[in-house]
Structure formats: C-alpha cells, structure tokens
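Notes to accompany the following structure.
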Amino acid sequence: MTSLAAVARQVDPDDLAGAVAGATDSGGRFTGLVATARDGGATSLRALIADGASVEIIEALLPAGVDHYRALTPVVPGAFWYEREIHDLFGLVADGHPRLDALVFPLTGDGGDRLRPGRPEAGVRVDPDTSALPGHVYGEGVFTIPYGPVRSGVFETVEYLVETFGEDIPQLRVRPYLKHRGIARRFTGLDPGDGVLLAERAEGTMSAAHAIAFCGAIETLGGVDPPPAAQLLRVVHAELERIAHHLDSMIRHTEGAGQAVAYARLSWHKERLLRLQADLCGHRFARGVVTLGGTTGPPLLAPDEALGALRAIEADLARDLRTLMTTPSFLDRLRTTGIVAPAVAVVHGALGPVGRGSGTGPDVRIERPYGGYRQLGFAPAGPRDAGDALARQWIRAEEVAGSWHLLRQALDELGAHPDGPWRCPAPVADGTGLGWSESPQGELIYLVEVTDGHLAHVKARTASFHNFALFSHAFGGDILTDFVFIEASFGVNLAGVAG
Amino acid sequence: MIPHLLVAGLCAWAAGAVIGLAFDAGRSPTREVPYVAGMVGGALVCAAGVLSVLHRPTTLDLGSTLGVGRTLVRLDGLAGLFLTLTAALAVLVSACLVSWAHQPGRLTGHGTAAGYLVMLGSVTVIVVAGDAFTFLFAWESLTVAFYILVGVRRDRGAHPGAAWVTFGIGKASGAALLVGFLLLAGRTGSYTLAAWAHVSPGGLHDAAYVLVIAGFGAKVGLVPFHVWLPVGYPAAPGPIRAALAGLAANVGFYGLWRFLAILGRPPVWLAVVVLVAGGVTALLGIVFAGVESHLDRVVAYSSVENAGLITVGYGVALAGAATSHPRLVAVGLLAASLQVLAHAVAKTGLFAAGAFITADWGTGTLDDLRGVGHTHRWAGTCFGLGSLTLAGLPPTIGFASEWFLLEALMQEFRVGPLELRLAMAAAGALVALTAGVAALTFVRLLGLTILGRPFGPAPDPTMVTDGGIFGRAGLGLLAMSCVGLAAASPWVIRFIADGLAPVLPASTVLGALKSPWVLQPVFANFSILSPSWLSVVMPIGFLAVGAFTVALSRGRFLRVRRVPAWRSATTGVAGADSYSSFGYANVARHVLGNVLGTSRQTVTVEDVADTGTLEAGHVEARSTVVEPVETYLYRPGRRVLLALANAAKRLQSGRLDAYVAYMLVALIVVLAVVAAVP
Amino acid sequence: MPWVPRGLRDGIVTTRYPRRPDGYGPHYRAAITVTGGPSSPKASAPGGDRQLASLCPTRAITVDGGEVRVDRGRCILCGRCVAERPELFAFDPGIDVAAVERDSLIVPGLAVGADHDPDDDSVERARAELALRVRSLRRSVHIRHVDAGSDGAEEWEIAALGNPVYDVQRLGVFFTASPRHADLLLVTGAGTAGMAGPLRRTWQAMPAPKIVIAAGTDAISGGLAHPSYPTYGGIGTLLPVDVWVPGSPPSPFSLLNGILIGVGMLDPRRQR
C-alpha cells in the first residue's frame, strides 16, 4: 500500500535490453515486462526491476509502425515468456528471441498486424488461431502426448504437450491460451471500485492478494494510507488465503501419492479455513472485503472467536503436517522430483515457494513491506537449495507456520480496534501507480494507469505467469508419473497464467 | 522311391539354378522360372521327407563316386523330419519369390536365384549326409550360399559389412565342426557319422561334443555367435530372408539333434553350459528385438531369441541324456522340436510378409510403418499370426511349444545333480522373462505396426502388391499353419515322435499324448493342455460372448454413435500424436537398461538453418542402446587382433638369419610337444 | 498409523445433506434477494432507476416500471447493492439457488404473488423433460468437469465436493476422467474462445443421456470477465444447459444442490 507512484526511466527501444541487463547486473531483479497500447498505434514497453526497497520501471516507446525491437531474452532469460505474451497480444517481434512461439493467444502473422487483441481497437471479438501452434522436439520416434485441455480430474484448463519418445519428458510445452480471458484489456475503462472486483477475479484463489495489490496502486496514486484496523484485517484475509493455497498444493500432492487419509484430513482443514474466511467476511474467498481505502466493513466474527477457531485448525494441521512430512512413502515421491536448478531459478528470478525452494526468491512482505506487514514480524521461509518438489513442500510448510504467527498477531491487535475505522476516503488521482503484495504464489505486482478517474491500463503481473515459464525446466530426469507432483508443487493458478 | 524323389528334387533345383545364372535376374521374362523350379523341387523333397519318416531307415552307399571316400546317404526319421519341414517351407518361400520376382526390378542381384537354390540343395544334402565329407562339403556350400545371398543386394538398404560378418561366422562354424569331426574320425578311424557312436566317453568325446555344439550354435545364432543374424538377415533381398532365417537355419538344429543321437551321453557340465547359454541367448535376443526400430532387425533378433529357446529345450534333453533319463530327453527334445517348428513357420511368415510390406511402403522403419494391416490384408494377417505365434499366445503352435518348453524346465526336480537343477531353474526363469518381453515386443508389432492407426505417408494403393497371387498362397498357408499346426498338435507330435526315432524310441515321445486330444509333458500326472480343444473352444467362446452381448443389448450393441477418439479434447498437435514404435519400446529401454546400456540425451538444436525444417531453440531428444556382445567382446577382440597383426608384421624383418631362427624355434617346440605327449 | 486415533477423535465430519438440512448452509451468502416489494415505494426512491441499475458492476439489477429485479445469473455477490441500499437488497442465505431455467434466476419472478405463475409452466416442462431424460441414470451419476475460463476458485469448490465434509461419493456421485463415462458435464468459466472447441468435443464425446450444468455466474453470463474479446459471456451459447448454478464461485453446497437437481435426486420444489 505504500507503493511508489511509478517513475519510469525512458530509453530507446533498442537500448531496452541493454538497460535491463545493466540494471540486473547491478543487483536489480527483473520481475516483469509489460506492454501497453498507446494512442495512434504506438506501444510502450515497460520492464519492471525490483531493486531493494523499490521497483524501477524502464520504459521504451515504440512509435506507430515500429513493431520490432531487440529481444531481452538473450540477456535476461526471465523475459522469455513475457516477450512471447507481448508478441501474441501486441504483435511486437523481439529480434533475437530464441523461440517466439504462441503462448497466451495464438494468431498467425507477425508484426505490422494492428489487430492484435492487446489493442483496444482490435474489436470486441478475437478468436485464437490454432494453426499458429508449432511443434518443437525432434528425434527418432518422438511423438507428442497432448495432456489436456480436459484432463483427468478437477483442474483448471491448460494443455501440456509432452514431446517424448516414451515415458521420459525431454521437453514440455505449455498452452495456457485456452483460458485466456483478456483480463488486462477488460480493466480498461472501468471505475477503480469495479476494478477491485475484477482484480479479485484475475486469480480467483488469490483474491485478497490481488485486491490488496490493486488497491495499493490506486491508494499510492491518491496518497491514501488506509486505517490500521483495515490493514490488519487485510493481513488476516491474505494469510488465511495463503494457508489455504499452500494446503491445496499439498492436497494435490497427497492425492497423487495415494495418501488417502492425509488427503482427506488436509482437505477437511482447507474446508475449515475457507469456512473461517466466510465467517469473517461472508465470502469463502474473501471477496468483497478489501476495497479502496480500507475494507468494506468490520469482521463479522469477533477477533477472539476467530482466534479460537484458528488455534483449533492450527493444532490439527500442524500435527497432520508433521506426520505427513515424515511419511517415507510420500517423501520418496517428491524427493529429487521436478528439480529446478538454483542457477536457473536465480537467472530467471523465480518467485515465491518455487524460487525459495531453489535458493532464491524474494518475500515482498520483507523486501518491500506493505500495509499491516510493516508492523508485524515473522520468520521468513527458506530458502532451500534442493530445488525439488520436496523443497517446495518444506517451504510451504514453513510459510504456513509463519502465517499462523502473523494471524495470531494480527487478530490480537485487531482486538484493540473493535470499532475500526475500517475505511477512509480514497480519492482517485490520475497517473501511473505500482502496487504489490506477496501472493501465495509469490510477488504480485499491479501496474495501474488512471486517466480521468477511470482505469486506462491495468496489468497484473502474476507470480503464476512469471514462475510457470520455469515449469518446463523442472523435468530433468522425470517421467510421466512424476508429472502430477511437479505440477502440484508449482501450485500456480492457471487463470493468472493465461491472463 | 525316396532316393528318386530326392534326386528329382535336387535336379529341379539344379536346373533352376542354371536358368537363374544364364539369364538376367531383374527384367528377363524367365526371371520367375528358377523359383517355380524351387517350388517343384521342394514338393518332391518334401514328399521324400514324409516317406522317410514313415518308412524304415535306410542308408544308401554311393561308393566313392565323389572321389573322397565312401559317400553315404542316410534316410531315417530325423533326416525325414527336417527334410519335410525345410522342403515344405521351400515350397512356400519359393511361391512368395515367384510373386516377388514377378514385380519388375525387385530382384536385381545376378545370382540370387542360383544362390537360393544352392542353399536349398545344401540344406537337403546336409540333412541326408551320412558321412563327414558330404556333410562338411554341403555345410561349406551353405556358407557360400549365405554369403552370396547376403551380399547380393547393391541398394541403399544393404549393410556393407553384412556379407563378411555372415561369412566369417559361417567359416568359424565350419571350422569348429571340422575340428570336432577330425577328433571323432581320428579316434574311430571312420568318416561315417554313424560310426562315431562308438566313441568312448572321455576328454576327446567331450571336446568333440563342445566343438560340434559350438559349430551348430554359431549357425543358429547362439550367444556369442548371434551378431551375424541382425545384420545378415536384413541384408538379404526380400523373401530370401525368410529362407535364411526360417528354413536354412534349421540345419543347425538338425545337427544338434543328430549329434545327440550319435554322441549320446554328454558331460553334466555341458548340459549346464548349454542351458545357461540358451537362456541368455533367448533373453538377449528378445530384449533387443523389443527395442529395435527396424522391422527386419526386430524379426532377426527374434531369431536369436528362438535359437535360445530351442537350445534351452535341447539343454533339457542333454540333461536327460547326461543323467540317463529318457523321458526327460523326450520332453526336452519334443519341446525343442515343436519350438523349431513354430519358429520356422512363423519366422518364414514374418520375413516373407515383412518383405512385401517394407517393399511396398518403401521403408522398414517401424515408426513409419503404421497400420500396414489396412493396406496389406494378406501380408498383414500372415505377419500378425506369425507375431502371435512367436509371442507364444493361444491358439497358435507357439503357445503349445512354449508350454512344452516351460513344462520341460519344470521337471528340474527329477534330475539329480544340483548344478543341473540350478541351471534348469535359471533357464526357466530366463525363459519366463523372455516370454514376457516377447509379448511386449510382438504387441508392439501387432498393435502399432499391423493394426495401428495410420498416420504419415502411406503407399500409393495402386503400387501395393500385397504378395501377388503365388505370394498370397504362400503367405496364407504360412498363416494357416501357425494355427492349424496347433489344432493338429496330436498328429504333429506323432510325426515328430517318429522323426525322433534315431534319438530315442517313439513310444517314449508318445508319452506326451495323454489321450488322443490331450497333451502332457511326457511325465504323467503333471499337467495337461489341449491346443486342439483350445482352437475349437476359443472361437466358439468369442462368438458366444459376442452373441450374448448383442442379445443382451437387444441389438443396440451394433448400433452405436461414433465420435472421434477421446484425446483430452486437444486442438491437435504437430506431427505424431500417439505412441510411436520407438516410444512404445521406451519402457523396455528403461526397465532393461542394465542389459541394454540405455543412455538418453537432449540436445538443443541451435544452428539448424541448413535443414530448413527446424527452428532455432528447439530440442532434439535421443535415446540409444548398446549391443553388449558386439561392444564388449568383438570390438575389443578386433582391436587385440589388429594389434597382434601389427606386432606380427615386425617379425617380417626380411633378414634370412631371422627366418632361420624362427624355423629352429618352431622345430624345437614341435619336438618338445611330441616328446611330452605319450 | 498415527492417523487412526486422530480420525476417531474428530468423529464424523460429513454433512447429512440432502437427507437432513446442513447447519452451515444457511450461514453462507448464496444470492441476493430483493426485499422491497415490486410496488414498494422504496424502489423508486432516491436517485432514480438508472442510478439503481448502475449500482451493479455486472448490470444484474434491472428496474422496470418500479419493479426491481436481480438477475442472479449475473450477480457476482460483491454485496455493493446490499451495502448501498440495504432497504432494497439483502443477502439470501441458503444453498438452494440452482435453477433448471435460466429465467428463473431472475428474482423476484415476473408475477410473484399471482395465483397462476405463467413462468411455472415452462419450468415445469423443463423439469419434466429433464426427469424423463435422466431416468436411466438410476440415481448415480458420473461427472466430467470442464473449465472454460474460470478464475480458479470454482475448481476449488468443485474439488471440495470430494473432501470428507461433503463426500459426494456417498450419494453415488463420482468424478470421472473420461467424458466417455460421464453423465453430467459440469462447466465453469466464462466460455473462452479457446475452450469453445474443446468444450464441444467433450460434450460430443459423452454418451446420451447427458446433463450440462453451468456452474457459477461466469458460466451463466460471463460475470465480470465479460464482455471481453476472447469470452462468449457464459456457456449457454456453446452448449444446451440443463441446470444453472449461480455464485461467484458457487459454494460446494450450491453445486451439490445443482447436481442433485440435475440427476433428479432432488425435487427443487420440495426444497423451497
């Protein structure tokens, strides 16, 4: 919430790669590349560099008619998916990009195509063109196993293409485009108040984190600091959401490993957590709580009652997790499965549990504390160096412990603010603002532009998208039966990947 | 009567060979004639074989007409059994070759027909030879015929070193036999095979036994002599492969059978070695058949596997002979004979059908051969039934033979020596494992290659011959034999029992018939099987279940709404989207990685501008296997040989005094040896 | 082994629904209801119809001649209308929000209070037609779920149906991997252009009789994700929908309610 109003350093399009590489060389962390359509066919490219306590924006403006620029990926590997996404949505061609395949929205034809859907003038309906999807592994007997989009189980839609000569997974391609909803363009023109509701639905399982980051950006622009009680309540919902999210990942692990009892018990705990969310705010996913300037109201459950309910769940969950994480038949499935090499994770700037399981990865709650986290303390998780699914599970278990700690503090302090205030006036100011939060999946950044009191451009840079580019790097020596664990250990929200 | 038939048959082949040599093979109007002669000769020799089995054994003395001692022709049951089998197959293969040669341009190598007919003649002469000279002469002719047939192709698909490897192993086999025969002849003073039965047990008897088994083992592809099969067979043109693998290789088994009859009781350790070698050969063969990606090489490796299986059965017979257990000899030899029969019929069918399939499709790579059953009804059916036979599945003769083999091995509790029991148990385990991998291997061929969903380029329908008229007759008979022999197994066993009479009494072998329709592993009250009933019951069962299902569903079973196969609702992928043959074999590459030495590489293809098909940043995935015998035995062996040759070169200094010194040393050594030997 | 005493200690956590009402259900905000009557003077005061309608970010509120209606198929339960106009709108707790007719999601119905509900006929017909179709399912159903562009939360709620609290297997409801074995297609999400083809292929791959449930406001109308260039605004234009389950996301109880209505294991009238 105390985010910077964004100030951008302007560079020439062809110097963008060099400038970003220079920033990362001097200690910055590349954390996103955002394209924005400008009037008259121009496009702004903005690279986000996390640098200690702030986020730097390096902007390059491509004038109308220019649709080529020097690719970032050769010098900043983390830009690999971003440049593909921008190619899909804006038709910009990154010269020197190793593989500019379709990702979030396949369309044939390269640059010069003004009708790419990222631009408002593209029209109200654009259909993906599946003929723009290429193949890419070659070798004797290599064939493609399409896994998805309708997969066995209740999963979000995505299509994985396993290109293999059998059970090994030498390379994996991800087709998230199937559920691309055009969220970024959907924001345009909305009232900021409605924007919060849409942000909650950008990644439906991380509603609180999105609402907090989005509101953070708007509040920064308006110079608003929400009241302390509201900030604490936001922390409560965000941490409950984090525990539920990590539990969901573990539940999917237990399901894959056939640990039926652990599966049943953990999913019962998750249900209790969602019910606690609902008891506190009326919604199982804490939607409609966080709003501009604070929260929509007081918690529906007294903090001490919530604390009691919380302690019961915490005790049960801690005991069950302890047992699960000492069950050899479970751990054996995760150990050395889906290794993301630390070197790869660092170069890519992996976020959240995926990054911290591979020895890197910031925690925004510590790196750039926001809202209630400025006054609450907790022990950060990890990092661990193994990089396998087990390391990611340990990180999640540690984060859950940290979240209980934060929840107890926040609810304690909320008891001191029985009457709020819960909300302060939040005037909306024009300009460009950045907001962030630590979503369960890692650092979440909102880049928001407000014009005439309405949202002109909003881009949610989700940790799911940023991390999922690493997914295909996690299949070193793994075979098809490891797939379920590797996917669960990434724990991404695919709506957030597809955009 | 029998000699006349034999002579007439050989004359027909000789005439065919002359015609084949006289005219160009490729496009001359007479190009089918030698193979018609092959059919005619085959039919005559086959009749001679059948009569030999049914009549009393006779030996014809041709005197010294050939100029190398007495020439004997021995016509007994064993000779008749193998004559019947090889000559019958000669008829069918020749029929396929008639159709093959009919297609202009398919047979280009001059001398193919002559080589083929010489091979048939050699096989016949080996089987009826009663003396060592005739036997060895025919054996060497066979090696030469193999060399011609393997080296005759000049096209792209031929393996350059194949003919040399084939010839080399053939010569090694001949050399082993020669030394073994000389040992026996030296001891008995006779070149008559029958006379060697009187060699007394001892070191020389055992040494000769080992040499003879090694010599015949090299011909059938026993480890470590199997390396020539996967390169030699595929290098031969078209259905000739069927003649090499399904027909001519049987002389090796004939030799083994014959010398069991002649040499009698082997040492126990020899039975142990043969059992283990057979088991290892079987496993090695099937493992490589399971991962090979070229059709002909898969079939060739399956020959290695079957050589192993048959040798295991032979090993059981040796074990019985070593422990004076005639029933064990009977069950072992019966199992081995049935396996020889099953393998010969199925292998001939596979290679003959495979020849038409690969020629029409223009490729032998399994990944490119998909759903060939849709384009080749006859060849596909023959190939499919042959695969089922080699996989040992009911109701084929392969099921009966493998059942007998496993039952024979289960009799290990009846033998005394512990090492023999262990060897039989180990061989049993290896054979069981082989049978499992064989199922996997032939499921791959049947499920993907024959019945798979076609994708990729298929041959132009107008160019598909599917065997032609004669070929179809041959393929059809081969396919029918795979199941028909199983249905007729009681009669087949009676015939084999008569054929094995020179080795042991027919009555012992006939112990395998519990009742006219039910078989048992010679020993009573052990287990039973009736392939005949099976071939009646299985089709009726299928029909009954089908009728029941249709009736129960009130006909709705026949009226179904058809939708595309469920593929996770995918939009579709570029290239192959279902298991390739190579991919299907990946399980075997993984699980049997210790045998195969599997390694996997993923290479990022960066600089691919010249290929024009790949894009930069793409990945090529590979998985490779290593042939252990060739890699760890022959290659180092070849290096050692080359090093020795280089060292020997240094001896050739060109100085007279040095050569005199060498001769002096050699003389002293010879004298010392002579003085030392009593 | 340590699991056993824990399981014994925690006892049965499974709901008795639908045999008995569940205690949790009424606590959950499942829908918005209009408390002010259609002719209530409160409806037109203050600010006018237009402002009342624009209160809703998804235009679920319509005012027609003084009659205020909420389309639950559009409502994303943000609660803004309840907060701004508590005299007109209220959260409707409960779990029985599913409907077999799209129009019956609009509350209050077009002629509430009249002796004869003209809408009832079509609802009745739809229900009868559905009952006839699902008769052969014999009260056990296999479900294939397809995400056609959800935000991810719907999947959590559907997956929750398998947890010990809801445990739908006790009712003969199973999730299946292949649509070949499925009787019921449970679709979430706003209907993205990318999923139109896969969704149709899945539906085609199912044997008849088949039931389609649109689960969630996004699947009914596109919710807040619509209008957008790659969305169809619900799956109703892509497939013939039999049961509509509103909610953003619908709670597991709402989903279960919809499934039971779909397979005829629950009579929606008796519920109310």
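Below, chains carry the letters A, B, ... as their sequence lines are ordered, and counting in each starts from 1.
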Which of the residues [options] is involved in the greatest number of heavy-atom pairs with chain A at under 4.5 angstrom?
| options | value |
| --- | --- |
| G7(C), G197(C), S150(C), A177(C) | S150(C) |
| L199(C), T176(C), T231(C), D147(C) | D147(C) |
| P227(C), P198(C), A160(C), P2(C) | P227(C) |

Give a yes or no on whether the ring-centroid distance for Y166(C) and F253(C) is below 6.0 angstrom. yes
Suppose we call two aromatic rings close when their centres sit under 6.0 Å apart. Are F155(A) and Y147(A) close by that rule? no
Check each atom of [X] against the heavy atoms of chain C and say whether the ones under 4.5 Å are side chain, backbone, both or neither.
| X | value |
| --- | --- |
| R319(A) | both |
| L494(A) | neither |
| R185(A) | side chain |
| D127(A) | both |
| A498(A) | neither |

Atom group of [X] that falls short of 4.5 Å from chain A, counting heavy atoms:
| X | answer |
| --- | --- |
| S248(C) | both |
| I76(C) | both |
| R144(C) | side chain |

Tell me, please, whether Y229(C) has R186(A) positioned over its six-membered ring: NZ or CZ under 6.0 Å from the ring centre and within 45 degrees of its axis? no
Would the number of heavy atoms belonging to other residues, nucleotides or ligands and lying under 6.0 Å from CD1 of I12(C) be above 12? no
